[in-house]
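Only this structure's heavy atoms are used, side chains among them; waters, hydrogens and symmetry mates stay out.
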Amino acid sequence: MPPLHPRRPWRIAFASAVSVVVLASVAGCGGPSPAWHAAPTPAAGTSTPAVGTSGPGSPTAAADATTPTTTPTTARPSATGSPSPKSVGVAPLAGRIRPNITYRGKATFYDAADGGGACLFGPASDLMIGAMNQTDYESAKACGAYVLVKAANGNSVTVRINNLCPLPCAPGQIDLSPQAFAKLANRSLGEVPITWKLLSPSMSDTISIRYKVGSSQWWCGIQAIGHRNPVALLEVRTSSGWRQLPRPEYNYFISANGSGCGGPIRITDIYGEKLTISGIKLKPDVVQPTRVQFARH
């Protein structure tokens, strides 16, 4: 019996003169309905989301956590970094997705191809990935988060959020790769009810930084890759101090006037831990590893 959840193709989004064409897949179900972002760099296209309906995701009491493993990133010369002490307690900078909360929704699946997605991390060697519904995606705040997904039959899978499942994908819903969905249930089911929660996994890899295609001293986009915890803030050092950059849905922090491009970078996770990184060269589309990683919670 074929899956009830159809596959989706990749979409192509177009940039303005400061950028170039970028490919990004966005999860969903049914026929395509491209949407173009009005930013100076391309946002990922959107498509009609998964079949079926469900009510809003509802947080419940915390469930038991497990520890996932992660796939190492490519090693390159490291930049310098200086982590701040591990924060304690809650996550003051978290958005809708918070630690120690269990969320309810449903799992569907889509054709994840090589693992690229709206977060623009690029192809993934590990296809245990998922697309977060647009509400909980929260303008890319969910990008890079690790979540433990559990089905009612007791099966579970840990996935990294690398994509967006646009409306009407319901709050609480996660659109998984076929490989990840198969860890929960037979794909012929099309969708299954789930609970899920945020993890802070054990990992030996360090964070990497990438400047977006088209970046220069006049305009740049900066992305953090391989972070243990969701990134809440990214700042660049300017002559007047640290400047916080905005992040659109395609998961690059943008300095529209070039301020701070090529200089020291400071990233902060949802727990408030700050990592200061220097030595990252302004080389567009080059993944540059650092020596730092957020603390485990």
Side-chain angles (χ1 to χ4, degrees), residues 15 18-20 22 24 39-42 70-86 93 116-125 139-141 143-145 160 162 203-296:
V18 297
S19 189
V20 296
V22 175
T41 51
T70 56
T71 303
T73 55
T74 303
R76 301 199 183 191
S78 297
T80 58
S82 56
S84 62
K86 178 179 176 179
L93 298 178
C119 294
L120 297 190
F121 291 132
S125 57
S139 190
K141 286 183 181 179
C143 284
R160 179 174 61 98
N162 77 323
M203 58 196 306
S204 58
D205 303 325
T206 58
I207 294 169
S208 296
I209 298 294
R210 175 167 56 196
Y211 277 98
K212 199 176 188 316
V213 171
S215 291
S216 70
Q217 60 179 319
W218 311 112
W219 177 96
C220 69
I222 308 172
Q223 180 185 65
I225 304 171
H227 39 87
R228 171 183 276 121
N229 307 319
V231 172
L233 306 172
L234 188 146
E235 302 163 281
V236 290
R237 184 175 288 162
T238 69
S239 57
S240 57
W242 289 106
R243 178 188 170 214
Q244 182 179 329
L245 301 183
R247 172 170 57 180
E249 285 197 344
Y250 52 88
N251 195 38
Y252 274 84
F253 292 83
I254 304 302
S255 178
N257 61 2
S259 176
C261 296
I265 298 166
R266 186 166 70 182
I267 56 176
T268 306
D269 70 4
I270 61 172
Y271 299 95
E273 181 180 4
K274 298 179 184 295
L275 301 177
T276 302
I277 303 165
S278 58
I280 299 296
K281 297 180 180 179
L282 212 171
K283 292 183 176 181
D285 204 27
V286 175
V287 176
Q288 302 181 62
T290 72
R291 295 192 180 102
V292 297
Q293 181 59 267
F294 291 123
R296 191 177 177 195

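- When each of Ile267, Val231, Ile265 is tested with Leu275 by the rule side chain to side chain contact (heavy atoms under 4.5 Å, CB included), just one qualifies, namely Ile267.
- With contacts defined as side-chain heavy-atom distances shorter than 4.5 Å, the pair Val236/Phe253 does not qualify.
- The main-chain N or O of Ile207 is found under 3.5 Å from a side-chain atom of Thr290 such that the two form a donor-acceptor pair.
- If you take NZ on Lys274 and CZ on Arg266, they are separated by 4.5 Å, rounding to the nearest 0.5 Å.
- For the residue pair Arg243/Ser255, the side-chain donor-acceptor check at 3.5 Å is satisfied.
- Under a 3.5 Å cut-off, the side chain of Gln288 and the backbone N or O of Lys281 do form a donor-acceptor pair.
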**Prompt:** Should Lys141 and Ile270 be marked as a side chain to side chain contact (heavy atoms under 4.5 Å, CB included) after you check the CA-CA gap, both sets of side-chain angles, and the distance that decides it?
**Reply:** CA-CA 10 Å; Lys141 286 183 181 179; Ile270 61 172; over 6 Å; no
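- Using a distance-only test at 3.5 Å, with no hydrogens or angles considered, no donor-acceptor pair links the side chain of Tyr211 to the main chain of Cys261.
- For the pair Ser208 and Pro289, the tightest heavy-atom approach, listed with the atom from each and the gap, is OG-CA, 3.4 Å.
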**Message:** Please evaluate residues His227 and Asp269 with respect to the criterion side chain to side chain contact (heavy atoms under 4.5 Å, CB included), reporting the C-alpha separation (whole Å), side-chain torsions for both, the decisive distance (0.1 Å), and the verdict.
**Reply:** CA-CA 9 Å; His227 39 87; Asp269 70 4; over 6 Å; no
**Request:** Please step through side chain to side chain contact (heavy atoms under 4.5 Å, CB included) for the pair Phe294 and Met203, ending with a clear verdict.
**Result:** CA-CA 10 Å; Phe294 291 123; Met203 58 196 306; over 6 Å; no
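- Under a 3.5 Å cut-off, the side chain of Asn229 and the backbone N or O of Ala295 do form a donor-acceptor pair.
- Rounding to the nearest 0.5 Å gives a distance of 11.0 Å between CD1 of Ile254 and CZ of Arg247.
- The two atoms that bring Pro284 and Leu282 nearest to each other are CD-O, 3.6 Å, heavy atoms only.
- Note that CD1 of Ile277 is 12.0 Å distant from CZ of Arg237, once rounded to the nearest 0.5 Å.
- In terms of modelled atom types and a separation under 3.5 Å, the side chain of Gln244 and the main chain of Leu233 share no donor-acceptor contact.
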**Full working for side chain to side chain contact (heavy atoms under 4.5 Å, CB included) between Ile222 and Tyr252** = CA-CA 5 Å; Ile222 308 172; Tyr252 274 84; 5.6 Å; no
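- Scanning both residues, Cys119 and Gln223, for their nearest heavy atoms gives O-NE2, 2.9 Å.
- Under a 3.5 Å cut-off, the side chain of Gln293 and the backbone N or O of Gly226 do form a donor-acceptor pair.
- In terms of heavy atoms, Thr206 sits closest to Val292 at CB-O, 3.4 Å.
- Scored by the side-chain contact (heavy atoms from CB on, under 4.5 Å) test, Ser216 finds Trp218 as partners (sequence neighbours excluded).
- Between Ala145 and Pro230 the shortest heavy-atom distance is CB-CG, 3.8 Å.
- Nearest heavy atoms, Thr238 versus Ser259: CG2-OG, 2.9 Å.
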